[in-house]
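First listed ligand is number 1; within each ligand, the first listed atom is number 1.
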Amino acid sequence: MHGAGAASRRVRLTPPRINGDRLWSRLMALGEIGATPQGGCNRQALTDGDLAGRRLFADWAAAAGCRVRVDAIGNLFVRRAGLEDTFPVVLTGSHLDTQPTGGKFDGVYGVLAGLEVIEALNDAGMTTVHPIEVGVWCNEEGCRFPMAMMGSAVWSGRLPLDAAHALTDRSGRSVRQELERLGIATDAKVPRQPVKAALEVHIEQGPVLEQRAKTIGIVTGVQHMSRHEVVVLGQEAHAGPTPMDMRRDPVRVLAEVLPAIYAAARERGPDARLTVGVIETSPGSPNTVPGRLRFTIDVRHPDLRQYRTLRFEVDRLVRGALKHHDLEGDIRCVWEAPGVVFHADCVDAVRRAAATLGYGSLEMVSGAGHDSCNVAAVAPTGMIFVPCAGGLSHNEAESAMPSDLEAGANVLLQAMVALAAGA
Ligand SMILES: [Zn+2]
């Protein structure tokens, strides 16, 4: 095919490169929208701020010659034509919504790095065989409407459109109402575009790359994760007159369970994650034996066997402690997200790009969920991580080095050009 030949000749002659200054200045410009006093961003999904951010991005993309479209759940796609424009697209993108006290880089970086890929191809006068698209997934954060990665879940067919439209925020406004208020057609039938391969570049949101002094994380998958809630019922009693052996104290269960579950996590190796993020007693008085205890256990592991074993152990240890202390209670799984193994071709494209460009890299598994988990259900997918300062994210102090952001975008560019070159 003469198109493919022309594209690969051009790659050798003038390798396109990201303009790091343009990327940084656009990150800062988007950071102005919904800026918080502490230097972060509050651009929650489908607010006026979110819309303003999407508009600014769409304007930049249109000026770069892209076609812009929005689907019925508010995902925004911009498209740069390929030499074979009916071929499946090579997709990248992330999200522009933030936490209430979010940073300037989580999600935004992946979207603007995608746009930078298009700008760099324009600057180099280069055409790819496959079309290239950058997606802005709607409501990734799930803080306003309680469904993280909502837009990509609908797009991939994992969440029915009606169920997503019916989600409401704390004031009772629905996703459908907010989409319509922002002028997004909720009945538009936008079929899912065929995707040859998808990549997402994101700040790591953890400390590993920084501590190991590596620039690029080659993400091989996303770990298995689940959240569990434990409730233990006791009996309220006065802290003074009631002898220890005559109490029904639910905190005894916690005291037995904590060291046991941490030991179980340790046995599953350094990749295991176990977090007790909520511990509540009621009535919550210093001189009353609590009548009720509630705590949560978040369990994660990249290896399915190890993950299942740890989940099983946590369950067994909690039930054992309830029995041991003869207290009523239960442990139940309130949320579970299966792990993802990214596609070998995509992981390899990232690995090669990092090596070609000479960046220090590390293969790693993502500890957090991303839109790419949903995309991976329907298309070959991979991810690229870059370091963020101190591993901080979901924090107004979130920060990243311009040189690392430029490096990650160049890896994205190089990997996408490779994936978009052939049939
Ligand atoms: Zn994100």
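- Side-chain polar atoms of Asn139 and Glu141 form no donor-acceptor pair below 3.5 angstrom.
- In this structure, Tyr307 and His224 have parallel ring planes: the angle between them is below the 30° cut-off, well short of the 60° mark.
- Residues Thr186 and Glu180 bring a donor and an acceptor atom of their side chains to less than 3.5 Å of each other.
- Taking 2.8 Å as the criterion, Asp106 counts as a coordinating residue of the Zn ion (ligand 1), since one of its N, O or S atoms falls below it.
- Expressed to the nearest 10°, the angle at the Zn ion (ligand 1) joining NE2 in His95 with NE2 in His202 is 120°.
- With a 6.0 Å radius and a threshold of 12 heavy atoms from other residues, nucleotides or ligands, Arg55 has its CZ atom at or below the threshold.
- The Zn ion (ligand 1) lies at 2.8 Å or more from every N, O or S atom belonging to His370.
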